[in-house]
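Residue numbers begin at 1 in each chain, while the letters A, B, ... track the order of the sequences. Both backbone and side-chain heavy atoms feed into the values below; hydrogens, waters and symmetry mates do not.
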2 protein chains.
Amino acid sequence: MNIGEVAARTGLPAKTIRYYEEIGLVSPLRDVNGYRAFRESDRHKLAFLARARALGFSIEDCRALLALYEDDHRASADVKRLAERHLEKIEEKIRTLEAMRETLSELVEACAGDHRPDCPILKGLSEEDQSAPSTGVA
Amino acid sequence: MNIGEVAARTGLPAKTIRYYEEIGLVSPLRDVNGYRAFRESDRHKLAFLARARALGFSIEDCRALLALYEDDHRASADVKRLAERHLEKIEEKIRTLEAMRETLSELVEACAGDHRPDCPILKGLSEEDQSAPSTGVA
DNA sequence: ATAGTCCTTCCAGCTGCTGGAAGGTCAAGG
DNA sequence: CCTTGACCTTCCAGCAGCTGGAAGGACTAT
């Protein structure tokens, strides 16, 4: 299988697949012409990665998940721990975004949105009394 | 005011303030010794930026907001449009993250998390029948 | 004079790709 | 045999938004 077919079948851009090879997530063979030759197992790995990435796992998490996936003697506890930590990060991000939404939607609602310069949004952003809210978002 | 004081009073790291100067968001004066000399107006701008960033606005959005803030003849409609577009992006991100949380928490719950290798999380990630979910997340 | 804390610039690196240039390879058609 | 076009290759640069560190100057207190 050439990279184009793998890309089509996994939904990953060819560029991304090359990048994953570069960082050692997959190691396709090479044809004599220099083209990457993907085995079924490579394609399978890449599909796994695509799904893990779609769930928001970092590349390093994906690497760990893949290692666990390929380890017959893994303990499901290790996988679960990883997933739980990730779940917490997602929930944290959701909370941060919801706080932003809350504040922002209040400001937006208060704004007339007409030709005049008076604007509660700008006013809210320039108010001195609130210390800069630290969202801790990455 | 030196950078240290501004950093302490805005909550922004000095490094970030230097970066904001580099990209033209603020233009502090310079003392004869080469130190940045921040005016009240600079500090105010930086506090504005800190709050806008905390609401998740991109740097370019912040630049636009700052320009509107300093334009006495702005129309609040312009500010509102910008904020609404950003609000939509936030909501989109929340939806994406909630979908991740949904899937992930199901997998986590299904996983025994013990010493055995059987793991619904890894199984879920390796299943072929579902095409790689496209979350459209950035 | 010295120590310690500030400040300066510059360069490199983080995540996870993505775009583009310059060029090799292959299959089909004339 | 030659060309066209679609594929593939490598390499280099860039995105956002900082962050860390090195190397060195400036200021304050003793």
Side-chain angles (χ1 to χ4, degrees), chain A residues 1-38 42 46 49-66 86 89-90 93 96 100 132 134-138, chain B residues 1-38 42 46 49-66 86 89-90 93 96 100 132 134-138:
Chain A
M1 244 180 302
N2 282 350
I3 199 167
E5 190 184 338
V6 181
R9 291 178 63 181
T10 58
L12 291 170
K15 281 262 176 186
T16 300
I17 297 173
R18 286 192 199 101
Y19 173 66
Y20 287 175
E21 182 189 15
E22 193 185 323
I23 62 172
L25 288 179
V26 275
S27 301
L29 304 175
R30 294 291 177 140
D31 280 341
V32 279
N33 58 14
Y35 287 17
R36 287 170 184 80
F38 294 86
D42 294 319
L46 286 164
L49 287 168
R51 283 186 287 264
R53 291 289 298 136
L55 285 181
F57 283 103
S58 72
I59 290 285
E60 286 318 305
D61 279 355
C62 287
R63 198 189 296 277
L65 285 170
L66 214 43
H86 179 49
K89 276 190 228 153
I90 286 176
K93 275 190 190 175
T96 302
M100 289 179 184
S134 169
T135 63
V137 81
Chain B
M1 243 179 304
N2 282 350
I3 199 166
E5 190 185 337
V6 181
R9 291 178 62 181
T10 59
L12 291 169
K15 280 261 176 188
T16 299
I17 297 172
R18 287 192 199 101
Y19 173 66
Y20 286 175
E21 182 189 14
E22 193 186 323
I23 63 174
L25 286 179
V26 275
S27 301
L29 303 174
R30 293 290 177 141
D31 280 340
V32 280
N33 59 13
Y35 288 16
R36 287 169 184 80
F38 294 85
D42 294 319
L46 286 165
L49 287 167
R51 283 185 288 263
R53 292 287 299 137
L55 285 180
F57 283 102
S58 72
I59 290 285
E60 286 319 305
D61 279 355
C62 288
R63 197 189 297 279
L65 285 169
L66 214 43
H86 179 49
K89 276 190 227 152
I90 286 176
K93 276 190 190 174
T96 301
M100 288 178 184
S134 169
T135 63
V137 81

[X] bridged to [Y] by N-O distance under 4.0 Å:
{"X": "Glu22(A)", "Y": "Arg18(A)", "result": "no"}
{"X": "Glu21(B)", "Y": "Arg30(B)", "result": "yes"}
{"X": "Glu60(A)", "Y": "Arg53(A)", "result": "no"}

Expected output: side-chain [X] to main-chain [Y] donor-acceptor under 3.5 Å:
{"X": "Arg36(A)", "Y": "Ile17(A)", "result": "no"}
{"X": "His86(A)", "Y": "Asp61(A)", "result": "no"}
{"X": "Thr10(B)", "Y": "Val6(B)", "result": "yes"}
{"X": "Asn33(A)", "Y": "Tyr35(A)", "result": "yes"}

Contact summary for Ile3(B) and Ala14(B), nearest pair of heavy atoms: CD1-O, 3.5 Å
Minimum heavy-atom distance between Leu65(A) and Ala52(A), given as atom pair plus value: CD1-CB, 4.3 Å
What is the distance, to the nearest angstrom, from the [atom1] atom on [X] to the [atom2] atom on [N]?
{"X": "Met1(A)", "N": "dC8(D)", "atom1": "CE", "atom2": "C1'", "answer": "16 Å"}
{"X": "Leu29(A)", "N": "dC8(D)", "atom1": "CG", "atom2": "P", "answer": "16 Å"}
{"X": "Arg30(A)", "N": "dC7(D)", "atom1": "CZ", "atom2": "C1'", "answer": "15 Å"}
{"X": "His86(B)", "N": "dA16(D)", "atom1": "NE2", "atom2": "P", "answer": "16 Å"}

Reported CD1-to-OH distance for the pair Ile59(B) and Tyr20(B), which is rounded to 0.5 angstrom: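 Going from CD1 on Ile59(B) over to OH on Tyr20(B), the span is 4.0 Å.
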Rounded distance (nearest 0.5 Å) linking atom CG of Leu49(B) with atom CG of Leu12(B):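 Answer for the CG-CG pair, Leu49(B) versus Leu12(B), is 7.5 Å.
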Residue Ile3(A), side-chain heavy atoms: nucleotide from dC27(D), dT9(D), dG17(D) that is nearest: dT9(D)
Listed nucleotide nearest any side-chain atom of Tyr35(A), set dC8(D), dA26(D), dC18(D): dC8(D)
Along DNA chain C, first and last positions that approach a heavy atom of chain A under 4.0 Å: dG16(C) to dC26(C)
Degree of bending, the helix from dA1(C)-dT30(D) to dG30(C)-dC1(D) (end axes from five pairs; round to 10°): 30°
Sugar-phosphate only, base, or nothing, as touched by Ile23(B) at under 4.0 Å among non-hydrogen atoms: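 The answer is nothing, as Ile23(B) stays clear of every strand by at least 4.0 Å.
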Neighbours of DNA chain C within residues 12-21 of chain A, by heavy-atom distance under 4.0 Å: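 The stretch gives Pro13(A), Lys15(A), Thr16(A), Tyr19(A), Tyr20(A) as the residues lying under 4.0 Å from the strand, ordered by number.
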